[in-house]
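All ligand and atom numbering here is 1-based and tracks the order in the structure. All values reported here derive from a predicted model rather than from experimental measurement.
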Amino acid sequence: MSKQVINILQLYPRDMNIYGDYGNLLVLQRRLEWYGYEPNILHYNVGDNFPNDIDIVIGGGGQDSGQEVIHADLLSIGPKLKNLAEHGVPMLAVCGLYQLFGNSFKTLEGKTLTGIGILDIETHGTPERLIGNVVCQSSEFGEVMGYENHSGQTYLATGVQPFATVTKGAGNNAADGHEGARYKNVIGTYLHGSILPKNPKIADFLIHTAVEKKYGGFSTDLIDDLLSDLARETARERPR
Ligand code: GLN
């Protein structure tokens, strides 16, 4: 019997892929295979044709210059991404892409990059870069850990659910203790590293949601995450 396919759209791997973000795709690929599904990777870069039949969307961070490179193209596919988000397609947007999934990002140089408005958030570039290891607590995923490096400080509109609450590090900004944002099955986060190898529960959320949406159910054996647990212990102890 042919395996059930899950299509993963990787947004802008050429221009938005720093601090190990590509590792998120590798984790989803491997875990889908271990669960007995067939991962089909769709790389999308500036100017490409936007694919159909997308089950999971992920994308990494980038320097202000990278965000400027993809900006016009992202606005052109924005309505499609927004429609997918409204229909519950699971998404993980990291740092620079997280900022552009919002309403706008005003860079340190004063350029305003309009966002695609999936997340009701605003970001402003500041001279103080927020850099270092992060540990935070999520009501959905428990303890989450990663690495941040950004000039942008992000503010959630009233009523927007943060992804987590910071216990070590900065997260969205240097003030309110929130990290990331949640909307339907969309996760926006500042956490690089990459985030999924050390936080497999988040990977499983994306996978379970996609499989249940496409095939109506998800039943499989648990994966032995010993190595990930060991990595978490090390990450938790790392100095800021
Ligand atoms: N360029 C953005 C900032 O500095 C995002 C950086 C990133 O993706 N790490 O805030």
Side-chain angles (χ1 to χ4, degrees), residues 9-27 43-46 57-75 78 81 91-136 144-156 160 162-164 166 168-181 186-199 202 235 238 240:
L9 177 66
Q10 168 82 27
L11 287 173
Y12 307 111
R14 196 173 51 220
D15 300 297
M16 298 294 285
N17 180 13
I18 53 178
Y19 309 127
D21 292 336
Y22 199 76
N24 293 329
L25 180 65
L26 301 177
V27 168
H43 285 140
Y44 178 86
N45 283 297
V46 171
V57 175
I58 62 172
Q63 306 309 342
D64 294 10
S65 53
Q67 291 168 293
E68 289 172 34
V69 167
I70 66 149
H71 185 235
D73 187 273
L74 179 64
L75 291 183
L81 288 170
M91 303 187 178
L92 175 68
V94 176
C95 203
L97 206 64
Y98 161 47
Q99 296 167 339
L100 295 176
F101 266 40
N103 299 323
S104 70
F105 169 38
K106 188 168 184 188
T107 69
L108 197 49
E109 289 170 0
K111 286 188 190 135
T112 297
L113 303 179
T114 313
I116 60 175
I118 289 177
L119 300 167
D120 196 0
I121 64 173
E122 308 286 342
T123 304
H124 308 276
T126 60
E128 178 205 0
R129 280 195 84 82
L130 303 175
I131 301 177
N133 294 310
V134 175
V135 178
C136 44
V144 174
M145 43 207 77
Y147 168 79
E148 65 181 335
N149 188 332
H150 52 108
S151 69
Q153 303 216 15
T154 296
Y155 300 88
L156 310 184
V160 173
F163 168 57
V166 174
K168 178 165 73 178
N172 285 344
N173 53 60
D176 65 18
H178 288 154
E179 200 303 294
V186 177
I187 297 172
T189 177
Y190 268 115
L191 300 186
H192 295 281
S194 41
I195 185 174
L196 296 184
K198 290 188 287 292
N199 305 284
I202 303 170
R238 272 207 191 118
R240 168 69 177 150

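At least one heavy atom of Tyr19 sits closer than 4.0 Å to an atom of ligand 1. Using a non-hydrogen distance threshold of 4.0 Å, Arg129 registers as a contact of ligand 1. Using a non-hydrogen distance threshold of 4.0 Å, Met16 does not register as a contact of ligand 1.
Residue-level proximity to ligand 1 for Asp64 is carried by backbone and side chain together, each with a heavy atom below 4.0 angstrom. Using a 4.0 Å cut-off between heavy atoms, Gln99 contacts ligand 1 through its side chain alone, with no backbone atom that close.
Nearest heavy-atom pair across Pro13 and Tyr22 is CB-CE1, 4.4 Å.
The protein heavy-atom contact nearest to atom 10 (O) of ligand 1 is Gly152 N, 2.8 Å. Taking atom 7 (C) of ligand 1 as the reference point, the nearest protein heavy-atom neighbour is Cys95 SG, 2.9 Å.
Distance alone, capped at 3.5 Å, places no donor-acceptor pair between the Lys111 side chain and the Asp64 backbone. Between the side chain of Ser194 and the backbone N or O of Gly20, at least one donor-acceptor pair lies under 3.5 Å.
Comment: Glu148 does not engage Arg129 in a salt bridge, judged by the lack of any side-chain N to carboxylate O separation of less than 4.0 angstrom.
Counting heavy atoms only, Gly62 comes closest to atom 5 (C) of ligand 1 of the residues Gly60, Gly66, Gly62.
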Self-check item: Check against side chain to side chain contact (heavy atoms under 4.5 Å, CB included), Val160 and Leu119
Solution: CA-CA 8 Å; Val160 173; Leu119 300 167; 5.8 Å; no
